[in-house]
Amino acid sequence: MRVLGGLLCSISLATAAFVRIPLTPLQAAAGSMLQSVYPAHDFISDPASLMDADKNVMVTVLSPFGLSTLQERSLQFAYPSSWGRFGLSVHLFGLSLYRESTVTGAGAVRFGGKLDVGIRLSVHQLTIRNYGSQKSFALSGSLAYPITKELRWSLIGMNLNAPRIGKSKELLPQIVSTGFHFKPAEPLEGLFELEKDLAYASRQKFGVIWTPVPRLSFAAGFATQPAQISAGFSIRLSRSSVDYAIASHPHLPETHSLALRLSFR
């Protein structure tokens, strides 16, 4: 009953199906940023970040609101080539009663040596027991531009084609986000983001990353609407990294996320 109650609560708080955006632990720890956070580039929310990604595979597991049996799982694979960068991912959320599945393909290119442009096409499938399943196609994209060596600007648009799902033709959340990633002085990094769901109030996000040694980073952040405090860390080895984050919620228990990333050179 606790699992079912948590699932119903999370769905009732959601504005629509597929409202949960897959994030890496460092993105979650730094204030639930949609822009990617080094070294785990997340092309699901920020496809332009593929231009900075190496050939790697990343597995992420979340326990939304402290419900270990209601896990969210993501698998991402990034591949660089001479024509650009490409990525594939699979994301699963829910139980046998209610399940959201997403398969994503993404690509990115660089123009003029600076402007990174990325797009992704996702196939969403919503399955509810005894009610069948429905599919929807969603197009998203992002831009990234280094204003200076220390300051990078990003622009992200999600579900640009206004996709709908289900017999009720429920509109998936359309989100526009813009933000900055700046490095005022080593080993500190700062992030700011303004996120706007077209149907709801805007959300401000603030994050900081501290890297005391090259293979260890700590992150913390704060976001509004709803108010959320988060923190986490990343430990990097020669070809792998382990990332962890914990994020609060004003009405529900904390959400824990863990990711393992392997690089292939």
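None of the values given here were measured: they were computed from a predicted structure.
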Colleague: So, taking the atom named CD in Q225 and the one named CD in Q204, what distance separates them when rounded to the nearest 0.5 Å?
Modeller: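 The CD atom of Q204 is 7.5 Å from CD of Q225, to the nearest 0.5 Å.
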Colleague: Counting N and O atoms only, with roles assigned by atom type, does the side chain of S136 sit under 3.5 Å from a partner on the main chain of R164, one being a donor and the other an acceptor?
Modeller: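 At least one qualifying donor-acceptor pair exists.
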Colleague: Verify side-chain contact (heavy atoms from CB on, under 4.5 Å) between L191 and F182, making sure each step is shown before the conclusion.
Modeller: CA-CA 6 Å; L191 299 105; F182 56 96; over 6 Å; no
Colleague: Show the numbers, then the answer: is there a side-chain contact (heavy atoms from CB on, under 4.5 Å) between L258 and V59?
Modeller: CA-CA 8 Å; L258 180 69; V59 178; over 6 Å; no
Colleague: Taking a hydrophobic cluster as the set of Ile, Leu, Val, Met, Phe, Trp and Tyr residues connected by side-chain heavy atoms closer than 4.5 Å, whether directly or through intermediates, do M158 and L155 fall within one such cluster?
Modeller: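 Shared cluster, no.
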Colleague: Can you get from V103 to F137 by hopping between Ile, Leu, Val, Met, Phe, Trp and Tyr side chains that sit under 4.5 Å apart?
Modeller: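 No, no single cluster joins them.
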Colleague: Distance check, rounded to the nearest 0.5 Å: L172 atom CG versus E170 atom CD?
Modeller: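 Going from the CG atom of L172 to the CD atom of E170 covers 7.0 Å.
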Colleague: Decide, yes or no, whether a salt bridge links R236 with D243 under the criterion of side-chain N to carboxylate O below 4.0 Å.
Modeller: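 Looking at R236 and D243, the cut-off is not met.
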Colleague: What I'd like to find out is whether the side chain of L26 reaches to under 4.5 Å of the side chain of Y38, using heavy atoms alone.
Modeller: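 Side chain of L26 against side chain of Y38, heavy atoms only: no contact under 4.5 Å found.
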Colleague: Rounded to the nearest 0.5 Å, how far does CD1 of I235 lie from OG of S240?
Modeller: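 The distance works out to 10.5 Å.
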Colleague: For Q35 and H181, which I'm curious about, is there any donor-acceptor pair between the side chains at under 3.5 Å?
Modeller: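 On atom types as modelled, these side chains do not qualify, holding no pair under 3.5 Å.
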Colleague: Are the side chain of K205 and the backbone N or O of S32 linked by a donor-acceptor pair below 3.5 Å?
Modeller: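 The answer is yes, because a donor-acceptor pair under 3.5 Å joins these two groups.
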Colleague: If hydrophobic clusters are built by linking Ile, Leu, Val, Met, Phe, Trp and Tyr wherever their side-chain heavy atoms come under 4.5 Å apart, do L216 and I246 end up in the same one?
Modeller: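 Yes, one cluster joins them.
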Colleague: Closer than 3.5 angstrom, by distance alone: can the side chain of S248 be matched with the main-chain N or O of I229 as a donor-acceptor pair?
Modeller: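 Yes; at least one donor-acceptor contact below 3.5 Å.
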Colleague: Please determine if D116 and R152 form a salt bridge, counting it only when a charged side-chain N lies under 4.0 Å from a carboxylate O.
Modeller: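 Salt bridge between D116 and R152, a charged N being under 4.0 Å from a carboxylate O: no.
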Colleague: Would you kindly confirm whether F111 and Y145 end up in one hydrophobic cluster when ILVMFWY residues are joined by side chain heavy atoms under 4.5 Å apart?
Modeller: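 The answer is yes; both residues are in one hydrophobic cluster.
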Colleague: Using the rule given for side-chain contact (heavy atoms from CB on, under 4.5 Å), can you reason through S89 versus F43, listing the C-alpha separation, both sets of side-chain angles and the distance that settles it, and then say yes or no?
Modeller: CA-CA 9 Å; S89 73; F43 61 82; 3.9 Å; yes
Colleague: Taking the side chain as every heavy atom from C-beta outward, state whether S177 and L194 have any atom pair closer than 4.5 Å.
Modeller: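 They are not in contact (no side-chain heavy atoms under 4.5 Å apart), so the answer is no.
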Colleague: Any chance you could measure L198, atom CG, to Q174, atom CD, to the nearest 0.5 Å?
Modeller: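 Answer for the CG-CD pair, L198 versus Q174, is 5.0 Å.
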Colleague: Please report the closest heavy-atom contact between P25 and A245, naming both atoms and the distance.
Modeller: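 Closest heavy-atom pair between P25 and A245: O-CB, 3.1 Å.
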Colleague: Would you find a donor on one side and an acceptor on the other, under 3.5 Å apart, between the side chain of K183 and the backbone of P187?
Modeller: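 Here the side-chain-to-backbone pair does not exist.
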Colleague: Is it the case that the side chain of S45 and the backbone of L34 share a donor-acceptor pair, with hydrogens and angles ignored and the cut-off at 3.5 Å?
Modeller: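 Present.
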Colleague: Could you tell me whether the side chain of P212 reaches within less than 4.5 Å of the side chain of F218, counting heavy atoms only?
Modeller: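 In short, these two side chains touch, coming nearer than 4.5 Å.
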Colleague: Indicate the atoms forming the closest heavy-atom contact of S241 with S234, along with that distance.
Modeller: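 That would be CB-OG, 4.5 Å.
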Colleague: For the ring pair F192 and F180, is the centre-to-centre distance below 6.0 Å?
Modeller: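 Not close enough - the centres of the two rings lie 6.0 Å or further apart.
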Colleague: Can you name the closest pair of heavy atoms from P250 and P226 and give their distance?
Modeller: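 Here P250 and P226 meet closest at CG-CB, 3.6 Å.
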Colleague: Are a donor atom and an acceptor atom from the side chains of W153 and T178 found within less than 3.5 Å of each other?
Modeller: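 W153 vs T178: donor-acceptor pair found between side chains.
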Colleague: Does a side-chain heavy-atom distance below 4.5 Å link I209 with L188?
Modeller: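 In short, these two side chains do not touch, never coming nearer than 4.5 Å.
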Colleague: Any chance OH of Y79 has more than 12 other-residue heavy atoms, nucleotides or ligands included, within less than 6.0 Å?
Modeller: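 No, OH of Y79 has 12 or fewer neighbouring heavy atoms, counting only those of other groups under 6.0 Å.
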Colleague: Just checking K196: does its NZ atom have more than 12 heavy atoms from other residues, nucleotides or ligands closer to it than 6.0 angstrom?
Modeller: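 Yes, enclosed.
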Colleague: Can you name the closest pair of heavy atoms from L50 and R85 and give their distance?
Modeller: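 So the two residues come closest at O-CG, 3.2 Å.
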Colleague: Taking the side chain from S154 and the backbone from L143, do they hold a donor-acceptor pair closer than 3.5 Å?
Modeller: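 No; judged by distance alone, with no hydrogens or angles, the pair does not exist.
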Colleague: Determine, stepwise, if the pair D52 / R110 fulfils side-chain contact (heavy atoms from CB on, under 4.5 Å).
Modeller: CA-CA 10 Å; D52 295 322; R110 179 167 291 165; 3.4 Å; yes
Colleague: Given side chains that start at C-beta, do those of L97 and I128 come closer than 4.5 Å, heavy atoms only?
Modeller: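 The answer is no; the side chains never approach within 4.5 Å.
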Colleague: Where the side chain of S81 meets the backbone of G84, is there a donor-acceptor pair that is under 3.5 Å apart?
Modeller: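 Confirmed, S81 side chain pairs with G84 backbone.
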Colleague: At their closest point, which heavy atom of A223 faces which heavy atom of G31, and how far apart are they?
Modeller: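 In terms of heavy atoms, the two residues are closest at CB-O, 3.8 Å.
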Colleague: Determine whether a donor-acceptor pair (N or O, by modelled atom type, separation under 3.5 Å) exists between the side chain of S140 and the backbone of N159.
Modeller: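 Yes; judged by distance alone, with no hydrogens or angles, the pair exists.
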Colleague: Which value, rounded to the nearest 0.5 Å, describes the distance between R129 atom CZ and L95 atom CG?
Modeller: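 Going from the CZ atom of R129 to the CG atom of L95 covers 9.5 Å.
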Colleague: Atom CZ in R261, atom CE in M58: separation rounded to 0.5 Å?
Modeller: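 Result: 7.0 Å between the selected atoms.
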Colleague: Can you check whether F77's main-chain N or O pairs, donor with acceptor, with N56's side chain at less than 3.5 Å?
Modeller: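 No, the answer is negative, given that no donor and acceptor are paired below the 3.5 Å cut-off.
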Colleague: Taking atom types as modelled, find out whether S142 and D46 have a side-chain donor-acceptor pair closer than 3.5 angstrom.
Modeller: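 Indeed, the side chains of S142 and D46 share at least one donor-acceptor pair under 3.5 Å.
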Colleague: Name the residue from Q76, H124, E100, E72 that meets the side chain to side chain donor-acceptor pair (under 3.5 Å) definition with H91.
Modeller: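 With H91 as partner, Q76, H124, E100, E72 yield a single side chain to side chain donor-acceptor pair (under 3.5 Å), made by E72.
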Colleague: More than 12 foreign heavy atoms under 6.0 Å from OH of Y244: is that the case here?
Modeller: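 It does: Y244 OH has more than 12 such atoms within range.
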Colleague: Is there a salt bridge (charged side-chain N to carboxylate O under 4.0 Å, His left out) between D54 and R239? Walk through the geometry before answering.
Modeller: CA-CA 11 Å; D54 56 6; R239 294 190 179 184; over 6 Å; no
Colleague: S230 side chain to A28 main-chain N or O, any donor-acceptor pair under 3.5 Å?
Modeller: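 Yes: the side chain of S230 pairs with the backbone of A28.
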Colleague: Minimum heavy-atom separation for T60 to L62, with atom names?
Modeller: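 So the minimum-distance heavy-atom pair works out to CG2-CD1, 3.5 Å.
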Colleague: Could you state whether M33 and I21 fall into the same hydrophobic cluster, counting links through intermediate Ile, Leu, Val, Met, Phe, Trp or Tyr residues with side-chain heavy atoms under 4.5 angstrom apart?
Modeller: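 The answer is no; the residues belong to distinct hydrophobic clusters.
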Colleague: Check the side chains of S101 and Q125 for a donor-acceptor pair under 3.5 angstrom, ignoring hydrogens and angles.
Modeller: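 No pair is found: no donor N or O on one side chain lies under 3.5 Å from an acceptor on the other.
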Colleague: Looking at F93, does the NZ or CZ of R20 lie under 6.0 angstrom from its six-membered ring centre and within 45 degrees of the ring axis?
Modeller: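 Yes, a cation-pi geometry holds between R20 and F93.
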